[in-house]
Amino acid sequence: MEKFYITTAIAYTSRKPHIGNTYEIILTDAIARFKRQIGNDVFFLTGTDEHGQKIEEIAKEIGVSPKQYVDGVAGEIKTIWDLMNTSYDKFIRTTDDYHEKVVQKIFKKLYDQGDIYKSEYEGHYCVPCETFFTETQLVDGKCPDCGREVKKAKEEAYFFKVSKYQDQLMKHIEENPEFIMPESRKKEMVNNFIKPGLQDLCVSRSSFKWGVPVSFDDKHVIYVWIDALSNYITALGYDVDKSGDLYKKYWPANVHIIGKDILRFHTIYWPIILMALGEPLPKQVFGHPWLLNGDSKMSKSLGNVIYADDLVRHFGVDAVRYYVLREMPYAQDGTITYETIISRFNADLANTLGNLVNRTVAMSKKYFDGKIENTSVCDELDNDLIKTALETKDNVISKMNEFKVADSLEIIINLARRLNKYIDETMPWALAKEETSLPRLKTVLYNLIEGIRYLGVLLKPFMPETADEILKQIGAKYTDIASLNEFGKTESNTFVGEAKPLFQRIDEAKKLEEITKEVEEAKKKAQKEVKKEEEKVSEISIDDFAKVELKVGEVIESKPVEGADKLLVSKIKIGDEVRQIVSGIAKYYNPSDLIGKKVVVVTNLKPVKLRGVLSEGMILAASDGKDLSLITPDKDFESGSEVR
């Protein structure tokens with residue numbers, strides 16, 4: 001039996017995963033189930049990434065230990081994975097003792113052989129991405145990956161000599177054209193990251209403690225990418241000293257299924273870590289696209305996050321699985337909205353699939369008391385139907401071997417459409433009226449039952465509960481994929497089961513009204529939480545405030561900044577000195593109105609140039625978003641007086 005080792009990226013335990021995050025486990029599960037169906041010996045790994053500065057900060061804010069915090073979120077993630085009926089073989093946590101011990105050994109081995117060295121890092125750090133960036137890598141001063149604010153950081157750190165393995169990695173990619181898929185992702189990695197030259201990678205941190213300690217230097221914790229990426233081998237029992245049987249059996253992985261946003265770490269850093277360890281590389285890294293809410297990424301701050309458990313409550317597990325797998329293209333981002341879910345639910349699941357199964361079983365009950373019989377009274381229409389069913393099986397297998405899941409589902413639903421058309425073409429209700437036509441009616445119903453058996457078997461990887469219900473309703477005896485090599489495996493003189501609707505058609509207006517009410521309430525709650533988080537971030541101590549030097553100043557001169565409609569440049573007397581300050585107040589004040597006005601000035605602000613004009617401080621003002629008013633003392637203080 002051919003082995004097949006498949007993994008998801010491990011989910012970060014900073015928060016509950018939304019449906020975009022959950023898509024990955026559903027996609028991987030569909031592939032794993034399919035591979036089992038065609039006879040592979042599958043090992044399917046998923047889990048959680050639980051270390052890092054972000055988690056340490058969140059735990060501190062809410063007053064629990066980092067371990068208590070990640071225990072809660074990891075439990076929530078596992079609950080959602082189970083809710084979505086995913087068939088993983090192992091759920092690893094990076095806080096598992098065995099994982100942490102092996103990660104320490106990996107780090108020590110790389111250090112001992114000279115691939116890791118100690119130095120100092122100075123750059124811009126993105127906490128959510130847990131990544132350092134140079135000034136030139138930032139986009140508009142923010143993280144190039146997630147667009148969030150970065151913090152300037154300087155600290156002692158260990159570095160991994162990824163540059164040493166650049167040529168070896170490039171050679172591997174060239175010799176293994178399917179190593180990075182889809183093709184567009186490979187071009188992005190090669191052209192944007194590898195060819196310009198790889199920089200050595202920071203692999204430890206000393207500014208926080210929540211991580212796997214470096215065994216020989218307890219000031220440092222092992223940075224996320226060695227810790228998290230190693231889960232793919234530690235879960236199988238890899239050890240620097242002696243690896244277990246599971247590792248020997250399943251490694252290298254057949255495929256890592258990951259989001260396109262972490263492709264760089266999986267196709268550059270992870271292969272190089274394995275090269276340095278002397279271990280085989282995974283056969284393929286598949287970077288799937290994102291599932292967007294309309295045309296936007298899901299964001300708590302935008303209030304547009306959709307969660308899997310909410311969708312399941314409204315539509316059921318298999319309908320949610322079907323939608324996300326059906327709507328995600330192979331290489332481009334997919335979209336999800338409640339409107340499109342309802343539309344797809346009604347069109348494909350209620351009308352095309354559900355109605356087909358329900359009316360076929362109902363007709364078998366009505367006309368022949370549920371008895372299935374092939375009288376072989378055939379027609380040319382039957383040959384076309386049989387040909388379509390056989391081709392459907394072959395085409396689905398072909399597409400699934402390429403991980404083209406949406407295409408596979410389209411092929412299956414097209415068979416359901418063909419079966420519905422067959423009903424319209426043969427008109428069983430008309431055949432039932434004539435005694436002489438009953439043998440033909442029996443064959444027609446037999447062909448429909450057999451065609452539906454194909455649907456039930458082929459839908460198993462995607463909609464397992466629905467597939468089982470379909471096969472149960474038609475009384476199917478042969479339910480393995482090999483049985484689809486021959487159309488006609490359903491035995492005569494067997495009986496269908498009870499006809500039950502698979503999917504009840506949804507009243508769109510009513511359902512949208514119900515969901516909209518829920519979404520608005522959730523949005524308000526999310527925005528309150530975001531505001532609280534922002535307020536926490538902006539809190540400062542009395543010592544921080546004491547660092548700001550505020551003084552009363554008197555405006556002695558003011559004029560517009562040339563070429564800048566919003567800016568005024570003013571000369572402000574502060575005690576014995578005169579400062580030049582540029583302010584965005586031209587919309588609210590005429591320069592002549594400012595002369596002689598007493599204002600409050602921040603005097604220890606680092607000088608900057610605005611539109612090429614030097615500004616040596618800041619004037620304080622109040623604003624409600626519509627109007628603006630300068631902050632002035634209500635008594636006539638001398639310029640230079642302290643404000644505190």
Side-chain angles (χ1 to χ4, degrees), residues 11-27 58 61-62 72-73 75-86 128 146-148 259 261 288-329 332-351 406 463 503-537 625:
Y12 196 48
T13 50
S14 60
R15 64 176 187 269
K16 176 182 176 178
H18 55 60
I19 188 62
N21 309 132
T22 310
Y23 162 72
E24 185 174 296
I25 188 76
I26 299 171
L27 168 67
I58 294 171
E61 282 176 14
I62 62 177
V73 180
E76 193 168 35
I77 290 168
K78 196 170 186 294
T79 298
I80 292 171
W81 281 196
D82 292 340
L83 171 69
M84 298 315 302
N85 198 8
T86 58
C146 71
R148 294 183 177 92
D261 51 328
H288 65 75
W290 286 331
L291 186 62
L292 306 177
N293 185 339
D295 56 4
S296 304
K297 277 190 76 175
M298 291 184 208
S299 161
K300 196 173 178 182
S301 58
L302 292 175
N304 67 346
V305 177
I306 299 174
Y307 293 106
D309 48 352
D310 290 330
L311 290 173
V312 167
R313 190 160 38 81
H314 287 291
F315 306 106
V317 172
D318 274 2
V320 176
R321 285 177 62 106
Y322 177 80
Y323 182 87
V324 297
L325 294 172
R326 178 74 177 79
E327 289 300 313
M328 184 69 86
Q332 286 80 42
D333 293 336
T335 62
I336 183 167
T337 65
Y338 289 106
E339 290 83 357
T340 53
I341 294 172
I342 294 168
S343 175
R344 181 67 74 185
F345 183 102
N346 283 339
D348 289 4
L349 301 183
N351 291 358
M463 306 168 70
F503 300 97
Q504 295 282 9
R505 187 174 173 81
I506 294 170
D507 182 323
E508 183 175 359
K510 189 176 177 181
K511 178 59 76 174
L512 284 177
E513 184 182 356
E514 177 188 343
I515 291 171
T516 301
K517 197 177 290 182
E518 282 184 16
V519 168
E520 286 304 315
E521 288 174 8
K523 196 172 180 179
K524 286 175 188 174
K525 186 179 176 183
Q527 286 170 343
K528 280 181 184 175
E529 287 175 7
V530 169
K531 192 174 179 182
K532 274 184 189 176
E533 286 174 13
E534 288 172 349
E535 286 170 353
K536 281 180 184 176
V537 170

- Note on the structure: When every non-hydrogen atom of Pro289 is compared with those of Tyr23, the smallest separation belongs to O-CE2, 4.4 Å
- Task: Using side chain to side chain donor-acceptor pair (under 3.5 Å) as the criterion, list what pairs up with Arg505, not counting sequence neighbours.
- Result: Asn351
- Please round to the nearest 0.5 Å and tell me the distance separating atom CD1 of Ile25 and atom CE of Met84. 10.5 Å
- Message: Below 30° counts as parallel, above 60° as perpendicular, anything between as tilted: where do the rings of Phe315 and Phe345 land?
- Response: tilted
- Rounded to the nearest 0.5 Å, the CD1 atom of Ile515 sits from the CD atom of Glu508 at a distance of 10.0 Å
- Give the minimum heavy-atom separation between Ile80 and Ala308, together with the two atoms involved. CG2-CB, 4.1 Å
- Query: Is a donor on one side and an acceptor on the other found under 3.5 Å between the side chain of Glu24 and the backbone of Gly259?
  - Reply: yes
- Leu291 side, atom CG; Asp333 side, atom CG - distance, nearest 0.5 Å: 8.5 Å
- Interatomic distance, CD1@Ile77 vs CZ@Arg15, rounded to 0.5 Å, equals 10.0 Å
- Item | Sequence-distant partners of Glu520, salt bridge (charged side-chain N to carboxylate O under 4.0 Å, His left out), two or more places apart | none
- Task: Check side chain to side chain donor-acceptor pair (under 3.5 Å) between Tyr323 and all other residues, then give those that pass, not counting sequence neighbours.
- Result: Thr340
- Query: Which atoms form the tightest heavy-atom contact between Trp81 and Thr22, and what is the distance?
  - Reply: CZ3-OG1, 3.9 Å
- Starting at CD1 of Ile26, measure out to CD1 of Ile19 and round the result to the nearest 0.5 Å. 5.0 Å
- Message: Let me confirm one number: the CG-CD1 distance from Leu292 to Ile306, rounded to the nearest 0.5 Å.
- Response: 10.5 Å
- All side chain to side chain donor-acceptor pair (under 3.5 Å) counterparts of Glu518, not counting sequence neighbours: Arg313, His314
- Message: For Ile58 versus Ser14, what's the shortest heavy-atom pair and its separation?
- Response: CD1-O, 3.9 Å
- Item | Full working for side chain to side chain contact (heavy atoms under 4.5 Å, CB included) between Met328 and Leu27 | CA-CA 10 Å; Met328 184 69 86; Leu27 168 67; over 6 Å; no
- Item | Under 3.5 Å: donor-acceptor pair, side chain of Asp82, backbone of Thr79 | no
- Query: Do Glu513 and Lys510 meet the salt-bridge criterion of a basic N to acidic O distance under 4.0 Å?
  - Reply: no
- Message: How close do Gly20 and His18 get, counting heavy atoms only, and between which atoms?
- Response: N-ND1, 2.9 Å
- Smallest separation among heavy atoms of Asn21 and Pro17, with atom names: OD1-CA, 3.4 Å
- Mind checking whether Ile342 and Lys511 have side chains closer than 4.5 Å, heavy atoms only? yes
- Asp348: side chain to side chain donor-acceptor pair (under 3.5 Å) partners, not counting sequence neighbours: Tyr322, Arg344
- Item | Main-chain N/O of Val73 paired with Thr13 side-chain donor or acceptor, under 3.5 Å | no
- Task: Measure the shortest side-chain to side-chain distance between Leu311 and Tyr338 over non-hydrogen atoms and say whether it is less than 4.5 angstrom.
- Result: yes
- Message: Between Lys16 and Val305, is there a side-chain heavy-atom distance shorter than 4.5 Å?
- Response: no
- List in chain and number order the residues that pass ring pair (Phe, Tyr, Trp, His ring centres under 6.0 Å) with Tyr12, two or more places apart in sequence or in another chain; answer none if no residue qualifies. none
